[in-house]
Amino acid sequence: MFQSDTRVSFQYKIKRFIKKLIQPVYMPAKDKGKRVYFNYLSHPVHDRCIFYEAFAGLGILDNPRAIFKYLLSDSDFKNYTHIWSIDNLQLANDNIKEFSSLDNVKIVKKDSAAYYKYLATSKYLISNSTFGYYFEKRPEQVYINTWHGVPTKSMGYEHTVERVENARGPARNYLMANYIVSANRFMTDVMYRRAYKADGLFEGTVLETGYPRSDAIVCPDTDSVYKKLNDLNIPTDKKIILYAPTWKGNLYNQLDYDVSELKSIVEKFTRGIDPKNYRIYLRVHYFLYKILAKDPELEPLLIPFTIDTNELLSVVDVLISDYSSIFFDFIATKKPIVFYVPDLEDYSSGRGLYIPVSKLPGIVSSDINEITEALRDICKDETAYTAKYTVLLNEMTKWCSYNDDGQACKRLVDIIFKNKNTVPVADDLSDISEIDQNHLESFMKPANSFYVIQGFQTHKRKVLICVNTRYGDEAFYKKLKIELETVDYQTTDVTLLVTSFKDTELKSYFNHLPYPVRILVWYGLPFVTPDNEEFYKCEVRRSLGNTHFDEVQIAGRISPYWAEFANALLKK
């Protein structure tokens, strides 16, 4: 058993006492919401409720949308209630009105009392991103995380600038998930197992059965998409060229765009197209969309986020991309792709890319004049352009789109909701330490090779080290780093669970620990919590999901919280 430091224990009790006094008088609205969620965790779980969230409540979109629509069409689920989290009901109105007449579909405002209620009590939870730090998947719930794209850029702990910050939310959510969905073996190995360090720790199930959202491209309903565009006064009388630049910025809410430069780029692209037969449109990140929608020059070119991306791609004739994972989905159409990469050198040396530009199935250039000329060639003869890149297109299709057959939703629903599994269990996972993106053939699988992977377990000893950043000093962190540098990572898997921090020096410190170390960040709940054994069991689930460890250590001074947390983990 772990014993608390007396000094820390006294401080802990004083802080709890003060917080308890202040709490009824003053608590920010966002914290009150977390308290509402916490209280709902004691309510029964409803077996026929399915809760969906896409892009933190942006709309009824992406993989969750595809699964949702499939379930709506299946009579076996006519008695199920579908709950969608929407952050801005007004902005998403055109997106959600499609289903407003259905009695079994509920729309809840994100972070409302209803939101917290359904998040805590729905049997099934489906997200393409992450739930907040306060989220705890209950044992009775089934959490399905689909993510929102095959990675082209460095992700998670491989992000060169924001290693811990970029990884902490997704890594924790993956550990809580019962199922994570993978489009292909490349995504399984490079993103889930390596970039987010799920290898050796994730104990759920990977569904390497194709991406649900790709069904909308392989089996398109183009009439419906054209109608949505026309209803928004977006002309569809010509072929569509879509410019979809990737998200640029280090963190989720940090934009890195020059609007005037974007206008110049679009103007030059427009010069290269045949205006009689082609029309160019823009698809940008939601944060940027809100800015550009106010610009009279760009607003007419914008495709609103309320139209699902993959449904949109089914009517696109030419795609202009850069590092966006959108091109992976578009490959299934076999239509022309142009890669405009003006900042390729900076991007490659900065954040890093997974896909060598030499493997991309289309012209790749940082020279906008070359791109404009390529667009001119495509407008003259799309077939001739595509033929030049047939070999690259076929090669990429073999390793990244071999599961795109229009049946991904069916496979997922059969496995999770109907307990029917005709998909084989994979037994040929690669050694991720030897993965080389320059040899993409290592990810190739036979056509229609779908797999279920039962966790990412290894032979290594799994060690958890809890670090309370509030009580460390320079000598402590120096000693910890030296100790971590002496670990044999061939035989030992190390996870550091650290308390949340804002200190810039600490950020740099954790970003430069030995690469094999997995760093998870714990955030305390913003209200006085129970101090009993059941609470700490829940805290273990909230912090580490379903994971088990062979050894638990506490580095530095031991607070009462960490002592009880470690005891609960050891009893798991």
Side-chain angles (χ1 to χ4, degrees), residues 30 33 50-69 72 82-100 105-112 114-116 118-119 122 125-133 135 143-151 155 166 169-170 173 181 211-214 216-217 225 228-229 231-232 234 242 244-249 251-257 281-294 298-299 302-314 324-326 329:
K30 61 184 180 65
I50 308 173
F51 183 91
Y52 306 84
E53 186 170 279
F55 303 113
L58 184 59
I60 300 176
L61 303 166
D62 204 71
N63 287 309
R65 173 189 176 90
I67 299 167
F68 163 66
K69 289 181 67 177
L72 282 180
H82 306 267
I83 303 100
W84 271 94
S85 157
I86 302 295
D87 185 45
N88 189 316
L89 297 172
Q90 183 178 356
L91 288 177
N93 182 59
D94 288 332
N95 176 251
I96 62 181
K97 70 180 181 182
E98 180 179 354
F99 307 99
S100 59
V105 177
K106 296 180 182 294
I107 305 298
V108 296
K109 174 79 169 66
K110 191 174 187 298
D111 295 331
S112 66
Y115 171 87
Y116 292 119
Y118 287 115
L119 179 61
S122 297
L125 308 172
I126 304 176
S127 172
N128 79 339
S129 187
T130 63
F131 293 122
Y133 74 90
F135 169 67
Y143 179 18
I144 306 154
N145 192 293
T146 70
W147 201 240
H148 50 264
V150 179
M155 306 281 288
N166 194 269
N173 273 255
V181 180
Y211 238 13
R213 71 186 193 185
S214 292
I217 296 179
V225 180
K228 288 178 184 177
L229 290 169
D231 287 346
L232 292 170
I234 297 174
L242 185 69
T246 192
W247 161 256
K248 294 181 182 179
L251 292 177
Y252 187 63
N253 61 352
Q254 294 177 353
L255 281 171
D256 183 17
Y257 270 98
Y281 288 112
L282 264 172
R283 182 57 171 242
V284 296
H285 190 279
Y286 170 56
F287 286 150
L288 185 58
Y289 175 87
K290 291 188 293 185
I291 296 172
L292 300 187
K294 300 174 183 178
L298 291 175
E299 189 274 334
L302 291 172
I303 302 289
F305 67 88
T306 52
I307 295 182
D308 182 71
T309 298
N310 284 59
E311 292 177 10
L312 172 64
L313 289 179
S314 70
S324 173
S325 62
I326 193 173
D329 300 70

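These numbers were taken from a predicted model, which means no experiment stands behind them.
Nearest heavy atom pair, residue Pro64 against residue Thr146, reads CD-OG1, 4.0 Å. Contact detail for Phe55 and Asn128: the closest heavy-atom pair is N-OD1, 2.7 Å. The minimum heavy-atom distance between Ser85 and Glu53, with the atom names listed, is OG-OE1, 2.7 Å. Summarising the geometry of Ser314 relative to Val225, their closest heavy-atom pair is OG-CG2, 3.9 Å, with the distance given to 0.1 Å. Across every non-hydrogen atom of Tyr211 and Gly149, the tightest pair is OH-N, 3.0 Å. Between Ala92 and Thr306, the shortest heavy-atom contact is CA-CG2, 4.1 Å.
The shortest distance between side-chain heavy atoms of Pro304 and Leu232 falls below 4.5 Å. Put simply, the side chain of Asp329 does not reach to within 4.5 Å of the side chain of Thr309, judged on heavy atoms. You'll find the side chain of Lys69 stays beyond 4.5 Å of the side chain of Asp308, heavy atoms only. Residues Tyr289 and Leu302 meet the side-chain proximity criterion, which asks for heavy atoms closer than 4.5 Å. Residues Leu312 and Tyr281 form no side-chain contact, since every pair of their non-hydrogen atoms from C-beta on lies 4.5 Å or further apart. Looking at Val181 and Pro212, their side chains come closer than 4.5 Å, going by heavy atoms from C-beta outward. A heavy-atom distance below 4.5 Å is not found between the side chains of Ile107 and Phe99. Residues Tyr143 and Asn173 form a side-chain contact, since some pair of their non-hydrogen atoms from C-beta on lies under 4.5 Å apart.
For the pair Asp62 (side chain) and Arg213 (backbone), a donor-acceptor distance under 3.5 Å is absent. In this structure, Asn145 contributes its side chain and Ser129 its backbone to a donor-acceptor pair below 3.5 Å.
Between Leu119 atom CG and Asp111 atom CG the span is 10.0 Å, to the nearest 0.5 Å. Atom-to-atom distance recorded for Ile50:CD1 and Tyr118:OH is 13.5 Å, nearest 0.5 angstrom. Note that OG1 of Thr130 is 10.5 Å distant from CZ of Phe135, once rounded to the nearest 0.5 Å. Rounded to the nearest 0.5 Å, atoms CG (Leu242) and CG (Leu313) are 6.5 Å apart. In this structure, CD1 in Ile60 is found 7.5 Å from CD in Glu98, a value given to the nearest 0.5 Å. Taking CD1 of Ile303 as the start and NZ of Lys228 as the end, the distance is 12.5 Å to the nearest 0.5 Å.
Other residues, nucleotides and ligands contribute more than 12 heavy atoms inside 6.0 Å of the NZ atom of Lys109.
Between Trp84 and Phe68, the gap from one ring centroid to the other is short of 6.0 Å.
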